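To find a chain, count down the sequence lines: A is the first, B the second, and so on, and within it residues start at 1. Source: prediction; values computed, not measured. Side chains included, hydrogens not; waters and symmetry mates left out as well; all remaining heavy atoms used.
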There are 2 protein chains.
Amino acid sequence: MKKVVLKDIAQHVGVSTALVSYVLNGQAEEKQVSKENAEKIKLAAIELNYQPNQVAKSLRMRKTHTIGLVVADINYRFSTGITRAIEAEAKRLNFTVIFGSTNESPDKFTELTNVLVNRQVDGLILVPGENSQQQILHLQNSGIPFVLIDRYFPEIDTNYVALDNYKAAYDAVTYLVTSGHKRVSFINLKTSMFHLQERDRGYLDALKDHHLESRPEWLIHIDGDDLPHGIASAIQPLLNSADKPDAIFLATDRLTIEALKRLNTLGVKVPDDISVLSFDESDAFDLFYCPVTHGRQPLEEMGEAAVKTLINLINNQKINKKLTFQAGFVPGKSCRET
Amino acid sequence: MKKVVLKDIAQHVGVSTALVSYVLNGQAEEKQVSKENAEKIKLAAIELNYQPNQVAKSLRMRKTHTIGLVVADINYRFSTGITRAIEAEAKRLNFTVIFGSTNESPDKFTELTNVLVNRQVDGLILVPGENSQQQILHLQNSGIPFVLIDRYFPEIDTNYVALDNYKAAYDAVTYLVTSGHKRVSFINLKTSMFHLQERDRGYLDALKDHHLESRPEWLIHIDGDDLPHGIASAIQPLLNSADKPDAIFLATDRLTIEALKRLNTLGVKVPDDISVLSFDESDAFDLFYCPVTHGRQPLEEMGEAAVKTLINLINNQKINKKLTFQAGFVPGKSCRET
DNA sequence: TCTGTTGCTTTAATCGTTTAAAGAATTTAC
DNA sequence: GTAAATTCTTTAAACGATTAAAGCAACAGA
């Protein structure tokens, strides 16, 4: 069952490979191939079920029509959503996606991006983790087109597609405030990543602008490596304190899930005992006894924008795009109205 | 910032490309390259930061060291889990994964597998959907190595890695029976897929072997395209009937989630009013008020096995492997003990 | 001196495409 | 009738690697 190659068609029809190539690439007119030969070639291609070898094509064209996608962790809801969106848009534009997951390790990030570059991907869409600035700079230096998504480094001038984390957090807190909450706690991950720090800033600014008290012990940063323990030891003191918060705002979906589980086991009722607001959404919310109020990232739009930007970059050389999307908001019943 | 190619190193050192290739591929000894040249070449490769062009290599070697993965829907828990496992194992064996999602459409399945084959992947790992037998046969005919995972067609002789769905369902029902349940309903998807039909068979055989009543109206098949509606109109009659079932066994994670949501809105208490057992697990169970008893697929092992089988297939030509894994069981509190 | 061996290196074909450039056949122009 | 233009086709060089096979020195043995 030998593979049929261009030459086979040429021989079958009795012409040169050049003609075959012209015809099958739709340049029959342009290259003035005779109608007769064009017809014969097209028929032969179908008859022999010719499938062009993309590897050879890529080598010759120096374009693989492939984009590399590196996500921080395939298990995140964000990752599957954005992967799906990117894949769909890429397919629409006739690109293939190769992807990998770094599990938040900078070493794996470096390794993966290098592998993808060696595979001659035409460009990269990256969700960088902590301490990957070096590699970003290195990629920038190497000239390969890339777009950061979800996360970026304000000190490095790159193309990116991101959420307006500041405003999303600010608006979320404002929502809590206007629905009557006075003591709002924010639980975030302990991280140096800009996008999460922006959520802190949005929280703090909202409190300030609405003249609400802001206590250091209400802004909590927990270690992402052991969420159950982190959440447990964060929530206990909050609930025990004399004037405990009337709302908890959580910076990620996994934080919220962990917190809701914890509240469940402690027998704390949402929203009667305390309001809960989640920055991100999660499928798991479906089974919570009350609909969880949460923000929503426009994954489809972001994925689409990332692919479009990247492909422009691949084609046009120089563009500089820093796209910021606004989060949506899905009201539930997990925040008390007072 | 031109890319450094083999020739550049050759020129830099002042030797032919052959020598450079030998040295950089660890054949220095074998090909008796002089120590002196070998050293110079290695140094130059580092100095110039040479990165081999994998596309050229692939064309020449007729091996891309890439495997194509086609899943039914990237949003399934099964898909992300198996993807992660496959990716990890592939990386371990120095393979790259290109993947795509068919969203259960046979046309997309055909298209995707063809694209991957044209990209010269060395082999495929596939989760085929309904009505993809044709394409499976076609792939078989074309001689490309592939392994089915999760689902397969008993009438087609292929390599596969799958779960023992019959036994998993049988054992689950047996668990319900031995914990005192007498009227067990099974909700499955309406499908022609073998792996789901096996779950029916396991359910029915278990009932028979344990001398329990088996009513046609307790074995329910609902349309996967509109789960909420399907579940709603399936559960209502069950609960309303004179001697309603004391347990519901659900064939997939999404069915279980939908059912639990429905039971929530109906105010039916699990397990007091009715026991619930899920064939699959789901992250969403975390937030349900009681731990959901469920089966567990050994995704890591299955992914690993699929990759290993495929790579053997790629290297050794002919092997015939039909691997069946046993499901695990995670006891929760969603089934009454009586 | 010739032949053979050893040790090392280069040549050049190959993988399957694309595409300038050259070539051939036919028609048109004068 | 010949040159020029037109129409169609082929040739052959890329793309960047791998790798048989051939080549070249130097030296040994007869």
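- The distance between atom NZ of A/K3 and atom C1' of C/dC15, rounded to the nearest whole Å, is 14 Å.
- Distance A/K40 NZ to D/dC8 P: 14 Å, rounded to the nearest Å.
- Which of C/dC15, C/dC8, C/dA21 sits closest to the side chain of B/Q32 comes down to C/dC8.
- In this structure, CZ of A/R119 is placed 22 Å from P of D/dC15, rounded to the nearest angstrom.
- Listed nucleotides D/dT18, D/dC15, C/dA20 differ in distance to A/K31; the shortest reach to its side chain belongs to C/dA20.
- Between A/S21 and C/dT19 there is no side-chain polar atom (N or O) within less than 4.0 angstrom of OP1 or OP2.
- Proximity of A/S58 to the phosphate of C/dT17: no side-chain N or O atom is located under 4.0 Å from OP1 or OP2.
- Considering only the side chain of A/L59, C/dG16 comes nearest among C/dT10, C/dT17, C/dG16.
- Less than 6.0 angstrom separates the ring centroid of A/F194 from the ring centroid of A/Y152.
- Each of A/L19 and B/A56 lies near DNA chain C, and the nucleotide nearest B/A56 is the one positioned closer to the 5' end.
- Rounded to whole Å, atom C1' of D/dT10 lies 14 Å from atom CD of A/Q11.
- The side chain of A/R60 sits closest to D/dA14 out of D/dA14, C/dT9, D/dA17.
- Straight-line distance from the CG atom of A/N53 to the P atom of C/dT17: 5 Å, rounded to whole Å.
- Between the base of D/dA17 and the side chain of B/Y22 there is no donor-acceptor pair shorter than 3.5 Å.
- Note on B/V55: nothing from the nucleic acid sits closer than 4.0 angstrom, heavy atoms only.
- Residue-level contact check: B/Q27 touches the backbone only, with heavy atoms under 4.0 Å from sugar-phosphate atoms and none from bases.
- Rounding to the nearest 0.5 Å gives a distance of 8.5 Å between OG1 of B/T83 and CZ of B/F78.
- In this structure, OG1 in A/T324 is found 9.0 Å from CE in A/M302, a value given to the nearest 0.5 Å.
- The only member of B/L93, B/L69, B/N312, B/V161 that meets side-chain contact (heavy atoms from CB on, under 4.5 Å) when paired with B/V307 is B/L93.
- Using a 4.0 Å heavy-atom criterion, one finds that B/S34 contacts the sugar-phosphate atoms exclusively.
- The side chain of B/N25 lies closest to D/dT18, out of D/dT18, D/dA21, C/dG16.
- Screening A/L116, A/V70, A/I74 for a side-chain contact (heavy atoms from CB on, under 4.5 Å) involving A/F99 leaves a single residue, A/I74.
- Distance CG (A/N37) to C1' (C/dA25): 14 Å, rounded to an integer number of Å.
- Atoms CG and CD1, on B/L124 and B/I67 in that order, are 9.0 Å from each other to the nearest 0.5 Å.
- OP1 or OP2 of D/dT18 sits under 4.0 Å from a side-chain N or O of B/K57.
- Rounded to an integer number of Å, the gap from NZ of B/K35 to C1' of C/dT9 is 17 Å.
- Between A/K7 atom NZ and D/dT10 atom P the separation is 15 Å, expressed in whole Å.
- Closest to the B/Y50 side chain, of the nucleotides D/dT19, C/dT19, D/dA17, is D/dA17.
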